[in-house]
Novice: 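I have a structure I would like to understand better, so I am pasting it below and will then ask my questions one at a time.
Atoms within each ligand, like the ligands themselves, are counted from 1 in listed order.
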Amino acid sequence: MFDLTDKVALVTGARRGMGKAHALALAEQGAKVVITDIDAGECQSVADEIKSGKGEAVCFKLDVSNKEEVDKVFDEVIKKFGRLDILVNNAGIFNPKAFLEITENEWDKTLDINLKGQFLCAQRAAKEMAKNNPPAGGGRIINISSIASGQVGIGIEWGAHYTASKGGIIGMTETLAIELAPLGINVNAIAPGAIDTPMLRAGAETEELKKYIEKIPLKRIGRPEEVSAAVVFLASDEASYITGSTFYVDGGWLAA
Ligand code: NDP
């Protein structure tokens, strides 16, 4: 089960944190992985780790908010592998700021990276996936949202721009699931809770993390690999009848 042999997967924001874990997990299941991040230097070490385990990986600098760069990288991927099967729209930023102090530039930057970046990558990916196994096409798009997306009663202080972007992702995912179904492309979102990554550590002090943990039934924050398990499942043939859904990987936070 969950065999991804010969599938080509592209992960954004994959030099560290959850993106790195997703890249390693997809490679573990046999996928050829394209590791991309705004910082290409550290991407290479992720690619090297995959190659040292006899997997196949390449790495590209990609700022997801820049359409020209998106097109250039996808062109390179198609040149190298001839196809794309899986996109993990993972790149994101969270720069906490009180609502009354968020500048227009800060708002735009968050929305450009977190939401427009997913639109740009999903649109180009869908155009490539539509060419797979003609006439039906085929592929998987997995959009990383957050439990802080406004849909489910978890807001976060100092995160108006972030929650707006993450809520937009869920809406976009549902629409893409409908529009891309005829092309054989399944589109789902994953909404993690508090996961132990550099982003979480930078955005929350130890005391704040303790408060999160109090609210989480499993009484701990999650590990990146625990989200990667959902990514691998949604990328696999076993998830063939799932599209337009949002999966919450949150240690029970929403249920509490
Ligand atoms: P990290 O900050 O650890 O990793 C995100 C990566 O994306 C970084 O390498 C970052 O680089 C990169 N990045 C930033 N801007 C761009 C860009 N324009 N183009 C390409 N890459 C970029 O974050 P996480 O691993 O924690 O988060 C991964 C995803 O999961 C994000 O979408 C986040 O919003 C979401 N998420 C995280 C949660 C958590 O608790 N950690 C909870 C819920 C959702 P740089 O360092 O330069 O910014």
Side-chain angles (χ1 to χ4, degrees), residues 10-25 34-46 59-70 72-74 87-96 106 108-122 142-152 154-156 159 161-170 172-173 189-205 208-209 211-213 215-216 220-228 230-231 246-251 253-254:
L10 187 150
V11 186
T12 65
R15 79 181 160 95
R16 70 176 198 191
M18 274 188 265
K20 175 180 175 181
H22 303 336
L24 295 175
V34 183
I35 294 148
T36 69
D37 198 291
I38 197 161
D39 178 339
E42 285 186 54
C43 276
Q44 192 54 53
S45 70
V46 183
C59 132
F60 293 103
K61 181 204 175 292
L62 172 58
D63 173 354
V64 294
S65 65
N66 180 327
K67 182 173 181 346
E68 232 171 86
E69 264 184 46
V70 169
K72 208 171 110 204
V73 168
F74 277 74
L87 167 69
V88 185
N89 257 331
N90 168 79
I93 57 167
F94 175 42
N95 295 322
E106 287 163 344
D108 286 347
K109 185 174 176 194
T110 297
L111 272 288
D112 277 357
I113 294 172
N114 292 8
L115 186 55
K116 188 179 86 174
Q118 293 207 4
F119 152 65
L120 292 173
C121 291
I142 299 158
N143 297 326
I144 306 300
S145 176
S146 168
I147 58 166
S149 56
Q151 321 281 305
V152 286
I154 304 257
I156 39 170
H161 43 358
Y162 184 79
T163 51
S165 70
K166 293 298 180 181
I169 289 168
I170 294 177
M172 184 176 73
T173 299
I190 295 176
I195 308 296
D196 198 356
T197 67
M199 177 189 280
L200 184 78
R201 296 281 169 185
E205 306 285 336
E208 211 171 340
L209 284 183
K211 279 192 215 149
Y212 290 165
I213 289 167
K215 295 181 193 162
I216 300 170
R220 63 176 177 85
I221 56 176
R223 297 187 303 274
E225 313 80 72
E226 293 177 306
V227 181
S228 305
V231 169
T246 298
F247 286 75
Y248 296 97
V249 183
D250 67 350
W253 192 338
L254 288 180

Novice: Please find the pair of heavy atoms, one from I170 and one from S149, that lie closest to each other, and give the distance.
Specialist: CD1-OG, 3.4 Å
Novice: Give a yes or no on whether the backbone of L111 and the side-chain of S165 come within a donor-acceptor separation of less than 3.5 Å.
Specialist: no
Novice: In terms of residue, atom name and distance, what is the protein heavy atom nearest to atom 23 (O) of ligand 1?
Specialist: M199 CB, 3.3 Å
Novice: Taking the side chain as C-beta and beyond, is there a heavy-atom pair between C59 and V46 under 4.5 Å?
Specialist: no
Novice: Would you say NZ of K67 has more than 12 non-hydrogen atoms from neighbouring residues, nucleotides or ligands within 6.0 angstrom?
Specialist: no
Novice: Show the atoms of ligand 1 that are less than 4.0 angstrom away from any heavy atom in I38.
Specialist: 11 (O), 13 (N), 16 (C), 17 (C), 18 (N), 19 (N), 20 (C), 21 (N), 22 (C), 47 (O)
Novice: Please report the interatomic distance CD(Q118) to OG1(T12), rounded to the nearest 0.5 Å.
Specialist: 7.0 Å
Novice: With atoms numbered from 1 as shown, which atoms in ligand 1 lie under 4.0 angstrom from a non-hydrogen atom of A194?
Specialist: 40 (O)
Novice: Return the minimal non-hydrogen interatomic distance between L200 and L209, and the atom names on each side.
Specialist: CD2-CD2, 3.6 Å
Novice: Tell me, please: is G117 in heavy-atom contact with ligand 1, that is, under 4.0 Å?
Specialist: no
Novice: Which residue holds the protein heavy atom closest to atom 9 (O) of ligand 1, what is that atom called, and what is the gap in Å?
Specialist: D37 OD2, 2.8 Å
Novice: On a heavy-atom basis, which atom in V70 and which in L120 lie closest, and how many Å separate them?
Specialist: CG1-O, 4.0 Å
Novice: Hey, are the side chains of I144 and H22 touching, using non-hydrogen atoms and a 4.5 Å cut-off?
Specialist: yes
Novice: With heavy atoms of G17 as the reference, note each atom of ligand 1 found under 4.0 Å away.
Specialist: 3 (O), 25 (O)
Novice: One thing to verify: whether E42 and K20 come together as a salt bridge, which I'm taking to mean a side-chain N less than 4.0 angstrom from a carboxylate O.
Specialist: no
Novice: May I ask you to identify, for T12, whether its side chain, its backbone, both or neither come under 4.0 Å of ligand 1 on a heavy-atom basis?
Specialist: neither
Novice: Quick one: which ligand 1 atoms are inside 4.0 Å of a heavy atom on L62?
Specialist: 19 (N), 20 (C)
Novice: Quick one: does K166 get an N or O within less than 3.5 Å of an N or O on ligand 1?
Specialist: yes
Novice: Check for me whether S145 has a heavy atom closer than 4.0 Å to any atom of ligand 1.
Specialist: yes
Novice: Could you report the tightest heavy-atom contact between T197 and P224, atom names first, then the distance?
Specialist: CG2-CG, 4.1 Å
Novice: Which residue from T197, I169, N90, D39 reaches closest to atom 24 (P) of ligand 1 through any of its heavy atoms?
Specialist: T197
Novice: Under 4.0 Å from any heavy atom of P198, which atoms of ligand 1 are there?
Specialist: 3 (O)
Novice: Students should be able to answer this: which protein heavy-atom is nearest to atom 7 (O) of ligand 1, and at what distance?
Specialist: G13 CA, 3.4 Å
Novice: Counting from 1, what ligand 1 atoms have a heavy atom of D63 closer than 4.0 Å?
Specialist: 17 (C), 18 (N), 19 (N)
Novice: Answer yes or no for G193: is there a heavy-atom contact with ligand 1 below 4.0 Å?
Specialist: yes
Novice: Within the structure, does V64 bring an N/O atom to less than 3.5 angstrom of an N/O atom in ligand 1?
Specialist: yes
Novice: Return the minimal non-hydrogen interatomic distance between R223 and I195, and the atom names on each side.
Specialist: C-CG2, 3.7 Å
Novice: What is the nearest protein non-hydrogen atom to atom 2 (O) of ligand 1, stated with its residue, atom name and distance?
Specialist: R16 NH2, 2.6 Å
Novice: Should the ring pair W253 and Y212 be called parallel, tilted or perpendicular, given that the plane angle runs from 0 to 90° and is split at 30 and 60?
Specialist: tilted
Novice: Which atom names give the shortest non-hydrogen contact between S146 and K166, and what distance separates them?
Specialist: CB-CG, 3.8 Å
Novice: M18 versus ligand 1: do any nitrogen or oxygen atoms come within less than 3.5 Å of each other?
Specialist: yes
Novice: For ligand 1, which atoms, with element, lie under 4.0 Å from some heavy atom of I93?
Specialist: 14 (C), 15 (N)
Novice: Test of understanding: given a 4.0 Å heavy-atom threshold, classify the contact between R15 and ligand 1 as side chain, backbone, both, or neither.
Specialist: side chain
Novice: Would you mind checking which non-hydrogen protein atom is closest to atom 5 (C) of ligand 1, with the distance to 0.1 Å?
Specialist: G92 O, 3.9 Å
Novice: Please work out, at 4.0 Å between heavy atoms, whether the side chain, the backbone, both, or neither of Y162 comes within that distance of ligand 1.
Specialist: side chain
Novice: Going by heavy atoms in the side chains, are R15 and I35 under 4.5 Å from each other?
Specialist: no
Novice: Which atoms from ligand 1 have a heavy atom of I144 less than 4.0 Å away?
Specialist: 29 (C), 30 (O), 35 (C)
Novice: Quick one: does I195 get an N or O within less than 3.5 Å of an N or O on ligand 1?
Specialist: yes
